[in-house]
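Shown next, in structure tokens, is the structure this report addresses.
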Amino acid sequence: MTPRLEPAAIRRNLQGGFGRQLAVYDRLPSTNDTAKLLARCGAPQGTAVLARGQTAGRGRQGRAFFSPPGAGLYLTVVVRPTAPQLELLTAAAAVAAAAAVEDACGLSVQIKWVNDLYRRGKKLCGILTEAALGPDAAPDYAVVGIGVNLLDAGFPPELAGRATSLAQEGAPCDPNRLAAALLDRLEWVCAQRPEVFLEEYRARSCVLGRRVTVQPGAGGGYEAVARQIDSRARLVVETPDGRLHTLCAGEVRLAGEWG
């Protein structure tokens, strides 16, 4: 049984300014949706929404995100990025989340392009960035949602054997300390030049140099080898005919990995 999320406990562990405006719930439909409402009402950068569970959590491409009460930490932060910052925000958040898990839980993790944290080949954490543009087409706000599996609360069949948790990895963690670490690390990485966190993003990658299946969208995929991550956090892959392809969207699967 993990400790409950407590605003006072989170604030005691904070080092920076992110999370000073904080809303904590037992359960929400979606922390991203609540954060977007706050952002539209003028919430400043660093405003955070946390929940012990979600009834309508989602991941990329509209997929449902398994988030039962007490099984994970579900946190969303309001960010006010420039256009160049927005392009790299998911990569920055992945680096921040990986560092926070190490800080708070002592567990090393890898990044699977573009937005997941993996441990021993299984997904531990997912990240979803959503943004809104203003009348001038510049970013108005973005929300960065981070969901970390704390416990194995009975993963559904489609996730069994594919997902893991901090408890399963032998690193149970106080969610209040982890929440503060996520907020502090995200604040730090948002203030860095891209080359600083992209170097760590590449170093933590679990796809570089490996054979992958590229899934560009609803259509069929193709085989390739992941060669590099460029200065815009795009994945460069090489197909068997020797051609290079730069991916800015879609996703990849490692050889033998689930779909």
Side-chain angles (χ1 to χ4, degrees), residues 1-6 9-10 12-16 18-19 22 24 31-32 46 48-54 57 59-60 65-68 70-77 79 89-129 144-153 155 159 162-190 192 196-208 233:
M1 192 72 170
T2 58
R4 292 186 65 85
L5 284 172
E6 298 289 349
I10 295 170
R12 279 198 301 272
N13 284 285
L14 287 174
Q15 302 297 315
F18 275 30
L22 184 68
V24 178
T31 57
N32 267 30
V49 177
L50 293 91
R52 295 183 65 250
Q54 299 179 112
R60 293 178 69 234
F65 188 85
F66 183 66
S67 42
L73 171 64
Y74 313 109
L75 175 153
T76 300
V77 184
V79 181
L89 190 53
T90 298
V95 170
V101 168
E102 290 189 0
D103 290 346
C105 313
L107 190 69
S108 61
V109 294
Q110 292 181 294
I111 298 171
K112 178 174 175 285
W113 187 86
V114 60
N115 67 323
D116 293 329
L117 299 189
Y118 268 46
R119 169 74 177 180
R120 296 189 302 145
K122 296 181 180 180
K123 182 174 175 177
L124 176 71
C125 168
I127 297 166
L128 178 64
T129 301
V144 179
I146 302 172
V148 183
N149 298 331
L150 300 178
L151 303 173
D152 179 0
F155 291 117
L159 295 179
R162 305 170 177 178
T164 190
S165 67
L166 291 173
Q168 284 180 298
E169 297 301 321
C173 185
D174 179 348
N176 298 295
R177 184 181 174 200
L178 177 57
L182 287 167
L183 290 162
D184 284 339
R185 282 293 188 169
L186 186 60
E187 181 176 21
W188 179 85
V189 80
C190 284
Q192 303 306 306
V196 173
F197 62 80
L198 282 174
E199 182 177 357
E200 185 170 351
Y201 187 83
R202 296 182 186 107
R204 290 183 180 273
S205 173
C206 65
V207 302
L208 287 179

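The figures that follow rest on heavy atoms only: side chains count, while hydrogens, waters and symmetry mates do not. All values derive from a computational prediction rather than experimental measurement.
Remark: the backbone N or O of Glu6 is paired with a side-chain donor or acceptor of Asn176 at under 3.5 angstrom.
Using a 4.5 Å heavy-atom threshold, the side chains of Ile111 and Tyr201 count as touching. Counting only heavy atoms from C-beta outward, the side chains of Leu150 and Ser165 never approach each other to under 4.5 Å.
Taking each heavy atom of Val207 and Ser205 in turn, the nearest pair found is N-OG, 3.1 Å. Listed here is the closest heavy atom pair of Val189 and Ala96: CG1-CB, 3.9 Å. Residues Ala48 and Leu183 approach most closely at CB-CD2, 3.7 Å, considering heavy atoms. Taking all atoms of both residues into account, the shortest heavy-atom contact from Cys105 to Leu166 is SG-CD1, 3.8 Å. Across all non-hydrogen atoms, the minimal contact from Leu89 to Cys190 is CD1-SG, 4.1 Å. Minimum heavy-atom separation, Ala167 to Leu151: CB-CD2, 3.8 Å.
Under the rule for a side chain to side chain donor-acceptor pair (under 3.5 Å), the partners of Arg119 that lie at least two apart in sequence or sit in another chain are Ser108, Glu169. Evaluation of the side-chain contact (heavy atoms from CB on, under 4.5 Å) rule for Ala104 yields Cys173, Arg177, Leu178, Ala181 as partners, not counting sequence neighbours. When the side chain to side chain donor-acceptor pair (under 3.5 Å) test is applied to Asn149, no partner is found at least two apart in sequence or on another chain. For the side chain to side chain donor-acceptor pair (under 3.5 Å) test, residues two or more places apart in sequence or in another chain that qualify with Thr90 are Thr129. The side-chain contact (heavy atoms from CB on, under 4.5 Å) check on Ala179 picks up Ile10, Leu50, Leu73, Leu75, with sequence neighbours excluded.
The CG atom of Leu128 sits 11.0 Å away from atom CD1 of Ile146, with the distance rounded to the nearest 0.5 Å. To the nearest 0.5 Å, atoms CZ (Arg120) and OG1 (Thr164) are separated by 6.0 Å. Atom CG of Leu117 sits about 11.5 Å away from atom NZ of Lys112, to the nearest 0.5 Å. Here the straight-line distance linking atom SG of Cys206 with atom CH2 of Trp113 works out to 12.5 Å at 0.5 Å rounding. Between the CZ atom of Phe18 and the CG atom of Asp184 there is a distance of 10.0 Å, given to the nearest 0.5 Å. The line from NZ of Lys123 to CG of Asp116 is 4.0 Å long, rounded to the nearest 0.5 Å.
The salt bridge (charged side-chain N to carboxylate O under 4.0 Å, His left out) contacts involving residues 96-110 comprise Glu102-Arg204, Asp103-Arg185, where partners must be two or more places apart or lie in separate chains.
Annotation for Gln192: atom CD counts as buried by contact number, over 12 foreign heavy atoms lying within 6.0 Å.
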